[in-house]
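Structure first, commentary second.
Below, each value reflects all heavy atoms present in this structure, side chains not excepted, and no hydrogens, waters or symmetry copies. Per chain, numbering begins at 1; letters A, B, ... match sequence-line order.
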Amino acid sequence: MPTTQEQMTKATILMPDWFTRPTCVVAADLIGKILCRQMTDTDGNVKTLRMRVSETEAYIGEDDPACHSHAGTRTSRTKIMYEQGGVFYVYLTYGVHHMLNLISGSAESPESVLIRAGFLCENSDRLIEEQALGKDKQLNHIKQLAGPGKLTKRLQIDRDLYGAPIAFESGVWIEDDGCQPPLSLRPRIGIDYAGEAKDWLLRYVWTDHPSLSKK
DNA sequence: TTGAGGATGGCCT
DNA sequence: GGCCATCCTCAAA
């Protein structure tokens, strides 16, 4: 069932220029927004899966040792980071998992926001839900998208999205229905190689939400 | 051309 | 907590 808020508030689609603001602002503001994914079910019907974002990380460019563009590293993979905010940066890690990033900030400022976790909105299409859940098993719904690799697998996101605009025509877009959850800051995950930067508070989480990837 | 290693997650102990 | 699948990226040679 939709919550009262979802019934009462009309959602608006975020335009690409929303992402040209400072990366830390974008990362914080994304908590509580709705990531939408257009998908086709087994019968060929087009459906939209909606996930509310509960966890993001900011990677703040050339001065951030954890960022792919640190020290001005500019390669065929990272070149998209030098675009103006509002496009997708997707890459494969450990040869297994796709990471979904949103390029943020101004052009020539190679920064991005990693989407780490979320949870399915109650008003997502039931058919797709049941398809993923399987017939006989009741999965832990709230943990389905608790991690950047799990999230992209569930939303069927891969490098085909690299460089696409964050907009409806890409099949992946973000909506704002006015939800403003409580926010906490944490150190980022999985960047032990980054020296002192591993302690920077650039991980933004929905305070104490059960869908978070880590404490 | 080569080799090391990674913004993870699932399984095993 | 440890192990490791799996393959792309990137720096070095």
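- Listed nucleotides: dG9(B), dC8(C), dA7(B). Nearest to the side chain of H68(A): dA7(B).
- Relative to the six-membered ring of Y204(A), R186(A) misses at least one condition, a distance below 6.0 Å or an angle of at most 45° to the axis.
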Candidate pair D177(A) and R52(A), rule salt bridge (Lys or Arg N to Asp or Glu O under 4.0 Å), full reasoning: CA-CA 10 Å; D177(A) 67 351; R52(A) 205 177 281 280; 2.8 Å; yes
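- At a threshold of 4.0 angstrom between heavy atoms, the contacts of R159(A) are confined to the sugar-phosphate backbone, with no base atom among them.
- Put simply, Y94(A) does not rest on the base of dG9(B): the two rings are not both less than 5.5 Å apart at their centres and under 30° in tilt.
- Note on L114(A): a base of the nucleic acid sits closer than 4.0 angstrom, heavy atoms only.
- Here the separation of dG5(B) from dC3(C), taken at their C1' atoms, is 16 Å to the nearest Å.
- Counting non-hydrogen atoms under 4.0 angstrom, G149(A) reaches the backbone sugars and phosphates but no base.
- Taking the six-membered ring for Trp, Y91(A) and H68(A) have ring centres closer than 6.0 Å.
- The nucleotide whose nearest atom lies closest to any side-chain atom of L92(A) is, among dG6(B), dC10(C), dC7(C), dC7(C).
- Listed candidates were dC10(C), dG9(B), dA7(B). Nearest to the side chain of S76(A) is dC10(C).
- Residue M99(A) places its side chain closer to dT8(B) than to any other of dT9(C), dT8(B), dA11(C).
- For T78(A), the side-chain atoms get nearest to dC10(C) when compared with the rest of dC10(C), dT6(C), dA7(B).
- A cation-pi arrangement is absent between R77(A) and Y162(A) under the rule of less than 6.0 angstrom and at most 45 degrees off the ring axis.
- Nearest nucleotide to the side chain of V96(A), out of dT6(C), dA11(C), dT8(B): dT6(C).
- dA4(B) and dC4(C): their C1' atoms are spaced 16 Å apart (whole Å).
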